[in-house]
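Encoded as structure tokens, the structure appears first; notes follow it.
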Amino acid sequence: MKKIIYLLLIVTAFNTSCKKSSTDGGTETQTPQQPSTDLPAGAKDGVAFINNGTSAIVTLFAPGKTSVSLIGEFNDWSATAAAMKKTADGNTWWIQIDNLNPNTEYAYQFFIDGKLKVADPYSEKILDPDNDKFISASVYPNLKSYPTGKTTGNVSVMQANQPVYNWKNNNFARPDKNNLVIYEMLIRDFTTEHSYASTLKKLDYLVNMGINAIELMPVNEFEGNLSWGYNPSFYFAADKYYGTKTALQNFIDECHGKGIAVILDMVLNHSFGQSPMVQMYFDGAKPTANNPWFNVDAKHPFNVGYDFNHENAATKKFSKDVMKFWMQQYKIDGFRFDLSKGFTQTQSTDDAVFRKYDAGRVATWKDYNSYIKSIDPNNFYVILEHFAEESEEKVLAEDGMMLWNNLNYNMNEATMGWLGSSDFSYGFYAKHGFSKADGLITYIESHDEERLNFKNITYGNASGNYTINGNLATSLKRQEMAAAFLFATPGPKMVWQFGELGYDVNIDFNGRTGEKPIKWEYLNEPNRKALYDVYAKLIKLKRNNSIFNATNSTYNLTSGIKYIKLTDASNTVIVVGNFDVVSQNANIDFGASGNWIDAFGGSINLTSNTYNATLAPGEYHVFSKVALK
């Protein structure tokens with residue numbers, strides 16, 4: 001018996017020694033452990049390539065899900081072949097796939113809880129089974145085919161060795177905010193081919209006009225092809241209807257080479273139903289309460305799609321990731337944030353409440369602005385379509401952000417000759433309580449307003465032989481006058497595409513967001529070309545003469561005779577025009593007698609400080625004491 005016990009003690013001692021580390025440099029032997037579920041080194045949201053592109057770590061933030069598999073061309077779309085691991089906190093799923101060809105594009109999706117297939121929210125390229133077939137090879141060469149018969153829904157694409165764009169213009173200096181003249185552009189309706197390459201062919205047209213920034217309406221992947229882009233689904237993928245990633249990078253690079261900044265319209269108030277972030281937590285009608293990014297119901301009355309909750313940590317992280325990506329991958333110069341007033345968690349059902357000062361919304365925007373500055377502190381433009389209470393906009397402007405300022409209604413009343421509501425003095429920054437002009441981007445047209453000249457021709461006033469409605473020449477002349485007053489107002493400006501040619505197709509033609517006729521033939525019409533030339537002249541004056549940013553300004557914009565007077569230490573500029581449909585007498589204190597030069601030709605000599613003249617309807621002048629450059 002003792003012998004048996006002795007043998008058992010020997011065996012036990014041997015087994016114990018095998019489980020412990022050797023103290024004399026011997027090999028450590030351990031019991032088998034379960035594989036770690038922690039994210040491996042190098043992982044990031046979406047796809048991170050390792051091992052020279054032959055392996056990839058793929059992750060998905062999906063709290064609360066029971067199972068997630070990675071399916072795709074690398075495993076013949078098998079859900080059982082690539083079950084993903086879940087991190088200890090239960091929020092993130094990941095897997096490493098091997099034996100990839102770095103030069104091959106692989107289509108893939110996530111298969112969630114055995115029933116839902118979604119694309120990767122961080123994917124840089126999306127394949128659409130319904131809309132890709134309408135994208136021509138000239139716009140997007142060699143577009144990968146959708147894996148028909150293998151899966152359904154939108155599909156992501158990964159590739160280690162993507163085409164790399166070699167930037168040429170690495171020292172672009174962004175224009176000063178006060179001198180910014182932005183051209184808002186919808187690529188779809190700017191050229192017939194609707195591509196970055198075809199738009200570049202028209203770049204000299206914009207250079208000659210004098211604009212120094214282009215604001216592209218949304219170009220990240222949106223639902224369908226024929227869209228304004230305000231129905232986004234994927235935020236890291238450039239929409240293929242306009243061209244490839246490198247084509248967009250080349251567009252931005254070429255603009256920089258011509259002295260033009262590029263601003264992207266970014267839609268982070270909401271997303272639409274193709275978004276995997278919507279689909280993963282959705283009850284069939286709206287987001288569920290456990291959706292990490294979206295409100296169940298929109299918090300404000302102007303929402304479309306599904307409303308992001310910008311006080312959720314997951315939304316803040318995602319939004320910052322989106323901003324950083326476009327800033328670094330595309331070297332853009334600014335964002336125009338759509339419906340920025342919607343970044344609220346204060347419930348409202350009408351604009352009177354929606355626009356009131358919202359401390360939470362201010363905190364969100366200050367946080368985002370601070371983050372953007374941490375990525376690029378060099379005069380990066382943060383532009384908000386806000387339209388909130390002036391006290392809130394003032395705080396945001398003082399933090400360095402820029403606010404859209406819409407003069408469309410009042411200016412159009414003036415161009416139509418209806419004077420009762422024609423006071424457009426809201427273009428002046430002091431009316432907003434701002435201390436500087438550079439926080440207010442004023443415009444008379446944007447993508448969202450009726451075209452001035454359509455209303456001129458359709459609804460314009462008339463008196464005797466002077467008629468605005470139905471009279472193209474008269475309507476365009478009044479557009480010139482409106483432009484003179486717009487560019488005389490201190491601060492940055494924006495022009496909607498073809499406004500400089502008096503585009504007059506109804507905004508609701510073919511549906512509000514539907515395709516519009518592309519009217520390059522306007523350039524061959526003398527009256528429209530004259531309007532373009534006036535825009536070019538006025539933009540040149542604004543950019544070359546600091547007085548157009550003068551802090552000393554007076555004006556009277558309430559009656560038919562309207563004027564703006566700008567004064568600095570070296571000069572005085574006075575813009576005067578008759579917006580009535582009958583002749584009116586102008587009686588204005590110019591502040592000095594003597595010779596005054598009209599920037600559009602000729603001069604006057606005043607015997608006193610008072611300018612007293614009868615102006616015909618539509619007549620305007622830009623006078624200065626010292627000749628403008």
Side-chain angles (χ1 to χ4, degrees), residues 35-63 65 67-75 77-79 81-112 117-127 144 147 154-165 220-221 233-238 244-246 248-249 275-277 280 292-293 313-331 371 374-375:
S36 170
T37 59
D38 292 337
L39 284 173
K44 64 183 183 69
D45 291 288
V47 179
F49 288 100
I50 58 175
N51 301 330
N52 297 316
T54 62
S55 299
I57 303 168
V58 185
T59 67
L60 177 68
F61 181 75
K65 297 304 178 185
S67 67
V68 181
S69 295
L70 184 71
I71 60 175
E73 292 178 327
F74 36 76
N75 61 16
W77 302 92
S78 169
M84 300 177 74
K85 301 167 185 158
K86 183 166 62 174
T87 54
D89 62 10
N91 292 333
T92 302
W93 299 78
W94 68 273
I95 191 171
Q96 178 173 321
I97 52 174
D98 301 305
N99 302 314
L100 300 176
N101 183 335
N103 299 312
T104 297
E105 287 189 312
Y106 293 95
Y108 70 100
Q109 289 174 313
F110 298 109
F111 188 53
I112 300 173
K117 296 177 181 178
V118 296
D120 184 349
Y122 280 78
S123 176
E124 292 185 35
K125 185 173 180 179
I126 296 295
L127 301 182
K144 181 178 175 65
N154 286 340
V155 166
S156 293
V157 175
M158 69 166 80
Q159 181 183 5
N161 293 345
Q162 296 182 31
V164 175
Y165 181 77
N220 56 292
E221 190 74 42
S233 299
F234 294 91
Y235 288 87
F236 297 86
T244 64
K245 176 180 179 178
T246 54
L248 176 53
Q249 291 170 321
S275 166
M277 297 156 64
M280 283 193 288
W293 304 281
T315 302
K316 287 182 179 292
K317 179 191 182 303
F318 179 78
S319 298
K320 290 175 179 178
D321 288 348
V322 170
M323 297 170 199
K324 181 179 181 180
F325 173 81
W326 285 93
M327 293 170 75
Q328 294 185 337
Q329 291 284 314
Y330 290 89
K331 298 191 177 184
Y371 178 76
S374 75
I375 302 299

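The closest side-chain donor-acceptor pair between Ser55 and Asp98 falls under 3.5 angstrom. Side-chain atoms of Asn101 and Tyr106 form no donor-acceptor pair, as typed in the model, at a separation below 3.5 Å. Between the side chains of Thr87 and Asp89, at least one donor N or O sits under 3.5 Å from an acceptor N or O.
Minimum heavy-atom separation, Thr59 to Phe110: O-CZ, 3.7 Å. Nearest heavy atoms, Gly42 versus Ala48: O-CB, 3.1 Å.
Distance CD/Gln159 to CG/Asn103: 7.0 Å, rounded to 0.5 Å. In this structure, Ser275 OG and Met280 CE are separated by 7.5 Å, a value rounded to the nearest 0.5 Å. Rounded to the nearest 0.5 Å, atoms OH (Tyr330) and CG (Leu248) are 5.5 Å apart. Here the straight-line distance linking atom CD of Glu73 with atom CG of Leu100 works out to 11.5 Å at 0.5 Å rounding. Taken to the nearest 0.5 Å, the NZ atom of Lys65 stands 10.0 Å off from the CH2 atom of Trp93.
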Worked check of side chain to side chain donor-acceptor pair (under 3.5 Å) between Gln329 and Lys245: CA-CA 10 Å; Gln329 291 284 314; Lys245 176 180 179 178; 2.8 Å; yes
Intermediate values then yes/no, side chain to side chain donor-acceptor pair (under 3.5 Å), Tyr122 and Asp321: CA-CA 9 Å; Tyr122 280 78; Asp321 288 348; 2.7 Å; yes
Candidate pair Glu124 and Glu221, rule side-chain contact (heavy atoms from CB on, under 4.5 Å), full reasoning: CA-CA 9 Å; Glu124 292 185 35; Glu221 190 74 42; over 6 Å; no
Test log, rule side-chain contact (heavy atoms from CB on, under 4.5 Å), inputs Phe74 and Asn99: CA-CA 9 Å; Phe74 36 76; Asn99 302 314; over 6 Å; no
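Formation of a donor-acceptor pair under 3.5 Å by the Trp326 side chain with backbone atoms of Tyr235 is found in this model. In this structure, the side chain of Ser123 does not engage the main chain of Asp120 through any donor-acceptor pair within 3.5 Å.
Taking the side chain as every heavy atom from C-beta outward, Tyr371 and Lys324 approach each other to under 4.5 Å. Contact check for Leu70 versus Phe111: no side-chain heavy atoms found under the 4.5 Å cut-off. Contact of the Ile57 side chain with the Ile95 side chain is not registered, since no non-hydrogen atoms from C-beta on lie closer than 4.5 Å. Annotation: side chain of Ser156 is in contact with side chain of Ile126 (closest heavy-atom distance under 4.5 Å). Between Leu127 and Lys144 there is a side-chain heavy-atom pair separated by less than 4.5 Å. Residues Lys86 and Thr92 form no side-chain contact, since every pair of their non-hydrogen atoms from C-beta on lies 4.5 Å or further apart. Annotation: side chain of Pro63 is in contact with side chain of Pro292 (closest heavy-atom distance under 4.5 Å). Side chains of Met158 and Phe49 form a contact here, defined as non-hydrogen atoms less than 4.5 Å apart.
A salt bridge links Glu105 with Lys125: the closest approach of a Lys/Arg side-chain nitrogen to an acidic carboxylate oxygen falls below 4.0 angstrom.
Aromatic ring centres of Phe318 and Phe61 lie farther apart than the 6.0 Å criterion allows.
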